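Here's the structure we're looking at; comments come further down.
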Amino acid sequence: MARTDLLPLVEHLYVNEQCTLAEIAKRLDVAERTLRNWKEKAKAEGGDWELKRQNLLASKQSFHEELYDLARDIAASIREDIKEKREVSPSRMNFLARLLPQLVHVKDYEAVAKARQDHPAGGARPEDVVDLIRSQLLGPS
């Protein structure tokens, strides 16, 4: 395979898999300087890998926020039903129970992606997010 045939794979690993150029160079046995040149050339031609990477992270963050808001709304409605002694729909309880673990996976992805960019992960730990939603659903323990 010619080295330039690796370009789409390198871009995918950098943008979507959040690999560093050093990791990609080692994995594909290509000089890191070559990868930097490809990245710079792509940017000059309007295909900025860094911008694509940032946009992907932003969309993942947005998705996490949407999931968190959905879980919080469902938990609040269930808590209100319990408080008002109304029957709680098993399907809502099941949906919330299935949604909570997904928040952890999304948050884990964000933490790994941010760490690979040599930035602190910041924000709440995945366990803290789940604990917060559980406390909102069940009240303080």
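Starting from 1, each residue takes its place in the sequence as its number. Keep in mind that what you see is a predicted model, and the values were worked out from it rather than measured.
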Any side-chain heavy-atom pair from L70 and F95 closer than 4.5 angstrom? yes
Going from CG on L21 to CZ on R36, what distance comes out if it is rounded to the nearest 0.5 angstrom? 7.0 Å
Walk me through whether K43 and E40 qualify under side-chain contact (heavy atoms from CB on, under 4.5 Å). CA-CA 5 Å; K43 183 176 182 178; E40 290 168 12; 5.6 Å; no
If you measure only the distance, is there a donor-acceptor pair under 3.5 Å linking the side chains of N94 and R98? no
Partner set under side chain to side chain donor-acceptor pair (under 3.5 Å) for K52, not counting sequence neighbours: E11
Note: K26-E32 ion pair, threshold 4.0 Å (strictly below): no
What pair of heavy atoms forms the shortest contact from I24 to V10, and how long is it? CD1-O, 3.8 Å
Starting at CG of L67, measure out to CG of L100 and round the result to the nearest 0.5 Å. 10.5 Å
Where is the tightest heavy-atom contact between E50 and D48, given as atom of each residue plus distance? N-OD1, 3.0 Å
Are E23 and E17 close enough that some pair of their side-chain heavy atoms sits under 4.5 Å apart? no
Closest non-hydrogen atom pair, A31 against A25: C-CB, 4.2 Å
With the side chain counted from C-beta on, respond yes when T20 and Y14 share a heavy-atom pair under 4.5 Å apart, and no when they do not. no
Distance from C19 atom SG to H12 atom NE2, nearest 0.5 Å? 8.5 Å
Can you tell me how far apart NZ (K41) and CG (L7) are? Round to the nearest 0.5 Å. 8.0 Å
Using atom types as modelled and distance alone, determine if a side-chain donor or acceptor of R53 lies under 3.5 Å from a backbone N or O of Q18. yes
Side chains of D81 and E87 in contact at under 4.5 Å (non-hydrogen atoms): no
L51 and V15: same hydrophobic cluster, using ILVMFWY side-chain contacts below 4.5 Å? no
If I take atom OG from residue S89 and atom CG from residue L96, how far apart are they, to the nearest 0.5 angstrom? 11.5 Å
How about R92: does its CZ atom have over 12 heavy atoms from other parts shown lying under 6.0 Å from it? yes
Take atom CD in E84; do more than 12 heavy atoms of anything else shown fall under 6.0 Å from it? yes
Calculate, to the nearest 0.5 Å, the distance between atoms CD1 and CD1 belonging to I78 and I82 respectively. 7.0 Å
Please name the pair of heavy atoms, one in L35 and one in W49, separated by the smallest distance, quoted to 0.1 Å. O-CZ3, 4.4 Å
